[in-house]
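One structure is given below, encoded as structure tokens.
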Amino acid sequence: MMETARDVVAAALRPALDAAFPDWAAGGAVLEVERPKDPSRGDYATSVALRLTRHLRRPPLEIARAIRDNVATGEAVAAVEVAPPGFVNVRLAPGWLARRVETIVRAGPAFGRSTGLAGRKVQIEYVSANPTGPMTIANARGGPLGDVLANVLAFAGADVQREYYVNDAGTQIEVFGKTLAVRYRELQGATGLEIPEGGYRAEYMIDLARQLRDELGPSVGDGVSLEELGRLLAPRAIAILVAGHQRVAERFGIRFDHFTYETALMASGYFGETLADLRRRGVVEDRDGAVWLKTRELGEDIDSVLVRSTGVPTYFGVDVAYHRQALTDRGFDQKIDIWGANTHGHARRMKVAMAALEIGPKWQVIIYQFVRFLHEGVLVKMGKRTGQFLLLDDVLDAVGVDATRFFLLQSSADRSLDFDFELAVQQSNENPVYYVQYAHARIASVFRTARERGVEWSDGDLALLDHPGELSLIRACLRFPELVRELSETHQVHQLTGYASELAGLFHPWYKANRVVTDDVPRTKARLRLLDAFAVTLRQTLGLLGVSAPESM
RNA sequence: GCCCCCGUAGCUCAGUGGAUAGAGCGCAGGCCUCCGAAGCCUGAAGCAACGGUUCGAGUCCGUUCGGGGGUACCA
């Protein structure tokens, strides 16, 4: 596992702290090493002296000085300084920083990888859009979030499965089928039929009916009731829509390793097994002909129905079984669901159910707030049933895959986003993703120039990289492995876009101010090696984001 | 009513309890005989309000006021 620069600093500070204050840790403080916002203060800093003031009953500056006096400077740590009110600032040796270029280039596609989560089997479930309509920009937000989280966790060594759950049973499917049957009959010339209550009024249902008629022949469903026709048509329609979800997801750079169908889960008998387990644990109650999970006793406001009085399990009931299966029979150590904000009530009940099954700590949910859809500046309520929505396909046509992914990954999941289609099209060329990609393309262009002039730079002397700007670029690269480790714990993957912008924001001014390929051959070579490392870092970052790193644009 | 998320620059958003709060767009002005101007430089402009915890709060806690979502034998 690669040691980060932060680790190196911590390893230098810890013995100093131990030597100066042998019992420092007894107060519960931990040695945290951070990057000062103002780089002139140093490369890394710790506020541990401030935190230890109470425990050691000594002034923070005095503690800080004692730490400083005990640090052994060396190859990496060049200087340690104390600043009021009690910070200990650490400066890394320029030569050591410059030599990191070699490490980064040699690591290449492995730069930032780690084994921190090795041996951990994680399932990430995301998108899982209802199979009753096409993929919209609202469903789509979970895609990049889940995909990038999967990338990050796999990068940190976990064994990750990307899972998609197809909710192809239940009341909504009945309504869906009935709507479809109505549209189908209409194609056969029927009039005066009503779309059922809560049905799917959107245009795509008519297209779907037409497609099914062409596929199955015009006489399908002759002589059967509307309900029966619905049950006949729904499975085929769902297959078409799920295939569509897969196609558009793939276009969006999102793949899945495994699909679970609710109908298959039901057919397996696993639901009954789960219900029996819950009964054994005494958290189930039969009342009014239905089967309830006693969520009320477990801290919720109301109980939750697992099986309706009709004998049909609820979505919640089946979902509990599905989660139990993943976290027991399928052997995952952890399951992370990426769900939309409308599921938070469901998520609360699920949490209770998982706790009752004693698998609570293994399950985690990331709830993302919705993407609100503005049309010509006016907020539009999206809903498949109402027919008002913005298709992911249309967004990708107009804005492009990279820009859409980057846009959706710029804010944290728990913040709602506004997507103004017209504005997005108009501004698609101003998306920050191009700023980042342009940095990569520019570096590629510098390499082309160097090659044209016959410069071979692999033997460049890194010791020549001693300008502040050059060292800043290296420092920025060294943050990448630190960030990956952080994200593997916090799951705040949107920070990768900010980091990518930071990299580009350092590069462009430096590029403007410094010519790389010049008559000074030694310096040219050293700088080309630096850019090699920088390009590696950009590619690694964009790679985790699922955004391309173009050689030219 | 109760529950969840969010109020940071004109707009869209960043900001692991640390030192002087950032970016993009927009706005005002400047920069291509030089590896790509999808770029660079300069400027104006901000933590909703009030309490609390802390050596230190945009960040944690409480209240108020705004915005979004949820609260079914729907999914």
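Predicted model, so just to flag it, every value in this text is computed and none were measured. Throughout, a chain's letter reflects where its sequence line sits, starting with A, and its residues are numbered from 1.
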If only side-chain N and O atoms of A:Tyr435 are considered, is one of them under 4.0 Å from the OP1 or OP2 phosphate oxygen of B:C25? no

Per A:Gln495 side chain, nearest of listed nucleotides B:C34, B:U16, B:C5: B:U16

Are OP1 or OP2 of B:A14 and a side-chain N or O of A:Ser411 less than 4.0 angstrom apart? yes

So A:Ala413, base contact, sugar-phosphate only, or nothing? Heavy-atom distance under 4.0 Å. nothing

May I ask you to say what A:Asp319 touches in the nucleic acid, namely base, sugar-phosphate or nothing, with a heavy-atom cut-off under 4.0 Å? nothing

Tell me whether the side-chain N/O atoms of A:Arg54 come closer than 4.0 Å to OP1 or OP2 in B:C55. yes

Taking only the side-chain nitrogens and oxygens of A:Arg58, find out if one of them lies under 4.0 Å from OP1 or OP2 of B:C55. no

Roughly how far apart, to the nearest Å, are B:U59 and B:A48 at atom P? 8 Å

Do any side-chain nitrogens or oxygens of A:Thr314 fall under 4.0 Å of OP1 or OP2 in B:A72? no

For B:G66, the Watson-Crick or wobble counterpart (both distances under 3.5 Å): B:C6

Sticking with atom P, work out how far B:C61 lies from B:G43, rounded to a whole angstrom. 37 Å

Taking 4.0 Å as the cut-off, does a side-chain nitrogen or oxygen of A:Arg415 come that near to OP1 or OP2 on B:A14? yes

Scanning all shown strands, the Watson-Crick or wobble mate of B:G1 with both distances under 3.5 Å is B:U71

Between A:Val395 and A:Phe407, is any pair of side-chain heavy atoms under 4.5 Å apart? no

Consider the side chain of A:Tyr434, meaning its heavy atoms from C-beta on, and name the nucleotide among B:C73, B:G36, B:A38 that approaches it most closely. B:A38

Which part of the nucleic acid, if any, lies within reach of A:Pro509 when heavy atoms closer than 4.0 Å are counted: base, sugar-phosphate only, or nothing? sugar-phosphate

Atom C1', compared across B:G26 and B:G68: separation rounded to whole Å: 26 Å

For B:U54 versus B:A14, give the span between their P atoms, rounded off to a whole number of Å. 31 Å

What about A:Ser416, does its side chain sit under 3.5 Å from the base of B:C5 through a donor-acceptor pair? no

Out of B:C25, B:C73, B:G18, whichever nucleotide has its closest atom nearest the side chain of A:Glu430: B:C25

B:A9 and B:G24, which share atom name C1', separated by this distance in whole Å: 12 Å

Does the side chain of A:Ser47 come under 3.5 Å of the side chain of A:Glu32 through a donor N or O and an acceptor N or O? no

Which residue lies toward the 5' end of RNA chain B, A:Gln410 or A:Gly289, if each is placed at its nearest nucleotide? A:Gln410

Tell me whether the OP1 or OP2 atom of B:U20 has a side-chain N or O from A:Arg41 closer than 4.0 Å. no

What does A:Ile173 touch in the nucleic acid at a heavy-atom separation under 4.0 angstrom: a base, only the sugar-phosphate, or nothing? nothing

I'd like to know if the side chain of A:Arg442 pairs up with that of A:His508 as donor and acceptor (distance under 3.5 Å, no hydrogens or angles considered). yes

Since syn is defined as within 90° of 0, does B:C27 count as syn or as anti? anti

When all nucleic acid strands are considered with a 4.0 Å heavy-atom cut-off, which category describes A:Tyr511: base, sugar-phosphate, or nothing? base

From the set B:C73, B:U12, B:G18, return the single nucleotide nearest to any side-chain atom of A:Asp418. B:U12

Pairing partner of B:C60 (Watson-Crick or G-U wobble, both distances under 3.5 Å): B:G52

Over 60° means perpendicular and under 30° means parallel, so classify the ring planes of A:Phe480 and A:Tyr499, tilted if in between. parallel

A:Glu470 and A:Arg523: salt bridge (Lys or Arg N to Asp or Glu O under 4.0 Å), yes or no, with the steps? CA-CA 11 Å; A:Glu470 293 162 350; A:Arg523 184 164 288 280; 3.4 Å; yes

From the candidates B:C35, B:G18, B:A38, the one with an atom nearest any side-chain atom of A:Met553 is B:A38

Within the structure, does a side-chain N or O atom of A:His508 lie under 4.0 Å from either OP1 or OP2 of B:A37? no

Within 45° of the ring axis of A:Trp457 and under 6.0 Å from its six-membered ring centre, is that where the NZ or CZ of A:Arg529 lies? no

Any side-chain donor paired with an acceptor under 3.5 Å for A:His467 and A:Asn514? no

What contact category does A:Arg451 fall into here, base, sugar-phosphate, or nothing, at under 4.0 angstrom with non-hydrogen atoms? nothing

With a 3.5 Å cut-off and heavy atoms only, can you find an N or O donor on one side and an acceptor on the other between the side chain of A:Asp168 and the base of B:A75? no

Describe the nucleic acid contact of A:Gly170 in one word from base, sugar-phosphate, nothing, applying a heavy-atom distance below 4.0 Å. sugar-phosphate

Please state whether the base of B:G18 and the side chain of A:Arg51 form at least one donor-acceptor pair under 3.5 Å? yes

Decide yes or no for A:Pro235 and A:Asp168: does some side-chain heavy atom of the first lie under 4.5 Å from some side-chain heavy atom of the second? no

Counting any heavy atom closer than 4.0 Å, what does A:Asn514 reach on the DNA or RNA strands: base, sugar-phosphate only, or nothing? base

Suppose we define a pair by two distances each less than 3.5 Å, Watson-Crick or G-U wobble; what does B:U33 pair with here? none

Of the nucleotides B:A14, B:C4, B:C35, which has the atom closest to the A:Val517 side chain? B:C35

Establish, with yes or no, whether the OP1 or OP2 oxygen of B:A37 is under 4.0 angstrom from a side-chain nitrogen or oxygen of A:Arg442. yes

Which nucleotide sits closest to the side chain of A:Asp38: B:U20, B:C73, B:A19? B:U20

Along RNA chain B (nearest heavy atom to each residue), the more 5'-positioned of A:Thr171 and A:Ala441: A:Ala441

Which part of the nucleic acid does A:Ala439 contact within heavy-atom distance under 4.0 Å: base, sugar-phosphate only, or nothing? nothing

So what does A:Ser552 hit on the nucleic acid, given a heavy-atom distance under 4.0 Å: a base, only sugar-phosphate, or nothing? base

Sugar-phosphate only, base, or nothing, as touched by A:Ala450 at under 4.0 Å among non-hydrogen atoms: nothing

Any side-chain N or O of A:Lys37 under 4.0 Å from OP1/OP2 of B:A19? yes

Is it true that the side chains of A:Ser40 and A:Asp38 contain a donor and an acceptor less than 3.5 Å apart? yes

Under the 3.5 Å rule, do the base of B:C3 and the side chain of A:His344 count as making a donor-acceptor pair? yes

Presence of A:Tyr438 side-chain N/O under 4.0 Å of B:A38 phosphate oxygens OP1/OP2: yes

With distance as the sole criterion, is a donor-acceptor pair present between the side chains of A:Gln437 and A:Ser548 under 3.5 Å? yes

At under 4.0 Å between heavy atoms, what does A:Asp301 touch on the DNA or RNA strands: base, sugar-phosphate, or nothing? sugar-phosphate

Under the criterion of centre distance below 5.5 Å and interplanar angle below 30°, is A:Phe370 classified as stacked on the base of B:G68? no

B:A28 -> Watson-Crick or G-U wobble partner, both distances under 3.5 Å, gives B:U42

For A:Glu452, answer base if it contacts any base atom (sugar-phosphate contacts may also be present), sugar-phosphate if it contacts only those atoms, and nothing otherwise; contact means non-hydrogen atoms under 4.0 Å. nothing

